[in-house]
2 protein chains.
Amino acid sequence: MSAAVIGYDQAMGRWEPNARGRLEQAALELYVERGFEQTTVAEIAQRAGLTERTFFRHFADKREVLFQGAASLQELLVNAVAGTPASSAPIDAIAAALAAAGAVLGERRESARQRQTVIAANPELRERELIKLASLATALANALRARGVRDPTAGLAAEAGIAVFKIAFERWVEESNQRDLPLLMRESLDELRAVTAGG
Amino acid sequence: MSAAVIGYDQAMGRWEPNARGRLEQAALELYVERGFEQTTVAEIAQRAGLTERTFFRHFADKREVLFQGAASLQELLVNAVAGTPASSAPIDAIAAALAAAGAVLGERRESARQRQTVIAANPELRERELIKLASLATALANALRARGVRDPTAGLAAEAGIAVFKIAFERWVEESNQRDLPLLMRESLDELRAVTAGG
DNA sequence: CCGGTCGATGTCAGCTACTGCCATCACTAT
DNA sequence: ATAGTGATGGCAGTAGCTGACATCGACCGG
């Protein structure tokens, strides 16, 4: 619990500052070093200079540490839909949301890739990721309904948007490089259009 | 552990037969009666006349009891795709898979509805459901690739198919009645076509 | 008929995620 | 000073899940 570790010189309280941030960093490190399952919450807390009990005061469970950004991403998507001209078709509102998400997520490529490696290696984490994506779909559908889009169109457009998101993100993480995320989002959406057009 | 409970008159082995089936039934009953979280594995085992340890020999975890049919559903979808004429477009192969799934799931409406009520009431169960659907999407994509469909088309078509599946199934469970599942599958697919056509 | 193997279950000990309850201790407002 | 507040520690307890070993009937070769 020494302040020197963090390099901190102003007056401080009873405890080191930024407990949540230290827990998050410690968890990420350990998940990468040993894997998610092989890491206990006690170990995370110890590395952060805190106790197990405190970890669970900051994070609902051991997985949630990896999904901090989900809420802000959801906000971003919803705002993008809401900010689209009222005359736009649902699919264009979705496209705007995907563009916004791609622009934000497109930065910090390496940390995203590392995070995705951890998640992909563990079924429990994949489950959590999927329910976060489902939550995004629900939020997108609600945003569309707020613009007067009816069911089942709203739900379908939202689910389709998330499908495009998933595929584009997957390609972006896997590819050695070159194309950036917003471009892959556009390409994947065009691909979906092409695929559904037939028949 | 009396045989009379089951009504069984031929020579029997050391234990009552169909341990797995008894566990499944006991679990379903308890999940409906008290809810998933309020049910312990020890209670399930007791009702089935077995021990907790035996439960975990038959089911990987407490949730898995509710997802027994996932494997056969996946097989059904894959076979439907494989059985489509080689000249069909990807979207038509997906449509065939959805039709097959709709036909099979469309029966036993009440039990499906009951099961869905239990799942919807619990986030852990929703997570498990989502990863099963993701597994279906992966299997569908592989089936398409086996027919020569390239990426990212295969992945996108599969994800879009699962999106349609989700929406149609949801509508089918919620609606008071009337339209059957295969019809809702077709309608939802048409709706997706309409939504993506714009823009 | 006999002994050995095998498969399904029981028993028990143990780990770990997660929770509830209360104590502690600095900081702050009055 | 004193009381209140907020973040943390400490501790006991529940429940999901696993590994190791014992048990016992079925089955099979001799």
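All heavy atoms count here, side chains included; hydrogens, waters and symmetry mates do not. Order of the sequence lines sets the chain letters (A, B, ...), proteins ahead of strands, with each chain counted from 1.
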Assess whether atom CZ of Arg113(B) is packed by more than 12 heavy atoms of other residues, nucleotides or ligands within 6.0 Å.
yes
Atom CD of Gln46(B) and atom P of dT11(C) are separated, to the nearest Å, by 13 Å
Separation of Asn18(B) atom CG from dA8(C) atom P, in whole Å?
13 Å
Please give, in whole Å, the distance from dT19(C) P to Glu64(A) CD?
12 Å
Identify all pairs in which a protein N or O lies below 3.5 Å from an N or O of nucleotides 21-23 of chain D, and state each distance.
residue : atom : partner  : partner atom : Å
dT23(D) : O2   : Arg14(B) : NH1          : 3.2
dT23(D) : O2   : Arg14(B) : NH2          : 3.2

Cationic tip of Arg63(A) within the cone over Tyr31(A)'s six-membered ring, i.e. under 6.0 Å and within 45° of the normal?
no
If each of Glu52(A) and Arg20(B) is mapped to the nucleotide of DNA chain C with the nearest heavy atom, which maps nearer the 5' terminus, i.e. the 5' end?
Arg20(B)
Whole-Å distance between dA17(C) C1' and Gln38(A) CD?
15 Å
Using a cut-off of strictly less than 4.0 Å, decide whether Thr40(A) has a side-chain nitrogen or oxygen near OP1 or OP2 of dT16(C).
no
So, are Arg171(A) and Asp151(B) salt-bridged, with charged N and O less than 4.0 Å apart?
no
Just call it for Ala42(A): base, sugar-phosphate, or nothing, with non-hydrogen atoms closer than 4.0 Å on any strand.
nothing
Answer yes or no: does a side-chain N or O of Thr54(A) lie under 4.0 Å from OP1 or OP2 of dG9(D)?
yes
Whole-Å distance between dT11(C) C1' and Phe55(B) CZ?
19 Å
Taking the six-membered ring of Phe59(B) as reference, does the NZ or CZ atom of Arg20(B) fall below 6.0 Å from its centre and within a 45° cone about the axis?
yes
Quickly, which of Gln25(A), Glu43(A), Gln46(A) forms a side-chain contact (heavy atoms from CB on, under 4.5 Å) with Leu30(A)? Name it, please.
Glu43(A)
More than 12 heavy atoms of other groups within 6.0 Å of Arg108(B) CZ
no
In whole Å, I'd like the distance from the CG atom of Asp61(B) to the P atom of dT18(D).
8 Å
Under 3.5 Å, which donor-acceptor pairs do the side chains of residues 153-161 of chain A form with other protein atoms, sequence neighbours left out?
residue   : atom : partner   : partner atom : Å
Thr153(A) : OG1  : Glu191(B) : OE2          : 2.6
Glu159(A) : OE1  : Lys166(B) : NZ           : 3.3

note: Lys62(A), atom NZ; dT16(C), atom C1'; distance rounded to Å ~ 8 Å
Report the nucleotide, chosen from dG9(D), dA20(D), dC18(C), that has the shortest atom-to-atom distance to any side-chain atom of Phe56(A).
dC18(C)
Does His58(B) place a side-chain N or O at less than 4.0 Å from the phosphate oxygens OP1/OP2 of dT9(C)?
yes
Nearest-angstrom distance from the residue atom CZ of Arg53(B) to C1' of dC12(C)
11 Å
